[in-house]
There are 2 protein chains.
Amino acid sequence: MSWQEQLVGAGYRLTRPRSIVMEILNNAKAPLVPSAIFKKAQRDGHSLGLVSVYRTLALLLKLGLVTLVHFSEGCHAYVLVSPGHHHHIICVGCGKAIEFSGAEDLDALTTRVQQETGYLINDHLLQFYGLCPACQQAAIKEVEWLSKNI
Amino acid sequence: MSWQEQLVGAGYRLTRPRSIVMEILNNAKAPLVPSAIFKKAQRDGHSLGLVSVYRTLALLLKLGLVTLVHFSEGCHAYVLVSPGHHHHIICVGCGKAIEFSGAEDLDALTTRVQQETGYLINDHLLQFYGLCPACQQAAIKEVEWLSKNI
DNA sequence: TCCTAATTGAAAAAGATTATCAATAAGGAG
DNA sequence: CTCCTTATTGATAATCTTTTTCAATTAGGA
Ligand SMILES: [Zn+2]
Ligand SMILES: [Zn+2]
Ligand SMILES: [Zn+2]
Ligand SMILES: [Zn+2]
């Protein structure tokens, strides 16, 4: 089911601002904060209010079409998600985030923690941080350059 | 090593505002956002600027004495941490957060994701959400009450 | 006790998010 | 296709949150 169908199926209207936000997120190379989406829209010559960006993101979040990525500071960037339960691994070099699945792999840990703490667990937040292949290459070249020129 | 020793050992001065923030976090039943710490200090009759709360938290974070807890909205509450690598499980009922360890339990998953994605992972964020024992009891009583009175 | 540099707090600036409300436009009815 | 109704938009203003600035204060060593 396309996002347009999801939207309409949930009783919302398919509007220009919503299409613009989805298009920008779709073309994004990394998670985007609301203001970044707003600026990209302006650069592309689209007419789109910042307030509508916030509203649209809140709606897309409710529909499960986007998810939040947490950074230690400057929290709350948005990325599209594919259907199902996923987590993200985020490159600390360029910000590129991709999905990985692995809810099952947390089952044992979840059970253990429930027993140890007495808490009843019904959700979790798991994100990995690291370097994407491209940024690893860049880092390697940087080290090579330093070893030659110092 | 006490937090005072950690602080002084790192070359910082032991000051009144820093002691106040630590004391408040120490007595807190749940993670606190900066403004909450500020208000608690005022209520306790302490003289403490909001700006100093932000500065102190940044310092404590750098020293590893506190950590951030992420909520979907209204991110960034602070809790004290004990030495070593820990994660938190946060009660969605009352906000109470407690630590659990389990870095090893993520090793297999980390390795798998590295192989699948090509990313080089060097950090992660893992938090569980659920109900603490007390809030579970409250929820049960609520259900019992409803089943009798409806 | 005195000095000096780190630290603080008040105020202002900058940013992020939410509330308001008149104007607009999506989508169904006719 | 045109008209209506109502969801949705965007500009403005109002709230918060966080960061900057800078003079006054104070911790801790000489
Ligand atoms: Zn967060
Ligand atoms: Zn990268
Ligand atoms: Zn609870
Ligand atoms: Zn961990």
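Naming convention: chains lettered A, B, ... in sequence-line order (proteins, then strands); numbering from 1 in each chain.
- A/Y12 has its OH atom 15 Å from the C1' atom of D/dT6, to the nearest Å.
- For A/T15, no side-chain nitrogen or oxygen approaches OP1 or OP2 of C/dA26 to under 4.0 Å.
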Dump the pairs, protein N or O against N or O of nucleotides 18-25 of chain C, anything under 3.5 Å, distances to one decimal.
none

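- Heavy-atom distances under 4.0 Å link DNA chain D to no residue of residues 58-67 of chain A.
- Separating the NE2 atom of A/H76 from the P atom of D/dT18 is a distance of 11 Å, rounded to the nearest angstrom.
- In terms of the ring pair (Phe, Tyr, Trp, His ring centres under 6.0 Å) criterion, A/Y119 has no residue partners (sequence neighbours excluded).
- With sequence neighbours excluded, the residues forming a side-chain hydrogen bond (donor to acceptor under 3.5 Å, both in side chains) with A/S82 are A/E99, listed by chain and number.
- In this structure, the CG atom of B/L14 is 10 Å from the P atom of C/dT8, given to the nearest Å.
- When the side-chain hydrogen bond (donor to acceptor under 3.5 Å, both in side chains) test is applied to A/K62, the partners found at least two apart in sequence or on another chain are A/Y12.
- Transitive grouping of hydrophobic side chains (ILVMFWY, heavy atoms separated by less than 4.5 Å) brings B/I98 and A/V113 into a common cluster.
- Every residue meeting the side-chain hydrogen bond (donor to acceptor under 3.5 Å, both in side chains) condition with B/H85, not counting sequence neighbours, appears here in chain and number order: B/H87, B/H124.
- Computed from coordinates, the B/L48 CG to C/dA10 C1' distance equals 13 Å when rounded to whole Å.
- Residues A/I90 and A/A97 approach most closely at CG1-CB, 3.9 Å, considering heavy atoms.
- Judged by distance alone, with hydrogens and angles left aside, the side-chain atoms of B/T56 form a donor-acceptor pair with the main-chain N or O of B/S52 at under 3.5 Å.
- The hydrophobic cluster analysis finds B/M1 isolated: no Ile, Leu, Val, Met, Phe, Trp or Tyr side chain comes under 4.5 Å of it, directly or through other members.
- B/A30 approaches B/C94 most closely through the heavy-atom pair CB-O, 4.2 Å.
- Residues of residues 16-37 of chain B having a heavy atom closer than 4.0 Å to DNA chain C, listed by number: B/P17, B/R18.
- With sequence neighbours excluded, the residues forming a salt bridge (charged side-chain N to carboxylate O under 4.0 Å, His left out) with A/E116 are A/R112, listed by chain and number.
- Scanning for ring pair (Phe, Tyr, Trp, His ring centres under 6.0 Å) contacts around B/Y78 gives an empty result, with sequence neighbours left out.
- Taking five base pairs at each end of the helix from C/dT1-D/dA30 to C/dG30-D/dC1 and finding the rotation axis that steps the C1' atoms of four pairs onto the next four gives two axes whose angle is 30°, to the nearest 10°.
- A side-chain donor-acceptor contact under 3.5 Å links B/R18 to the backbone of B/R13.
- The side-chain hydrogen bond (donor to acceptor under 3.5 Å, both in side chains) check on A/Y129 picks up A/Q127, with sequence neighbours excluded.
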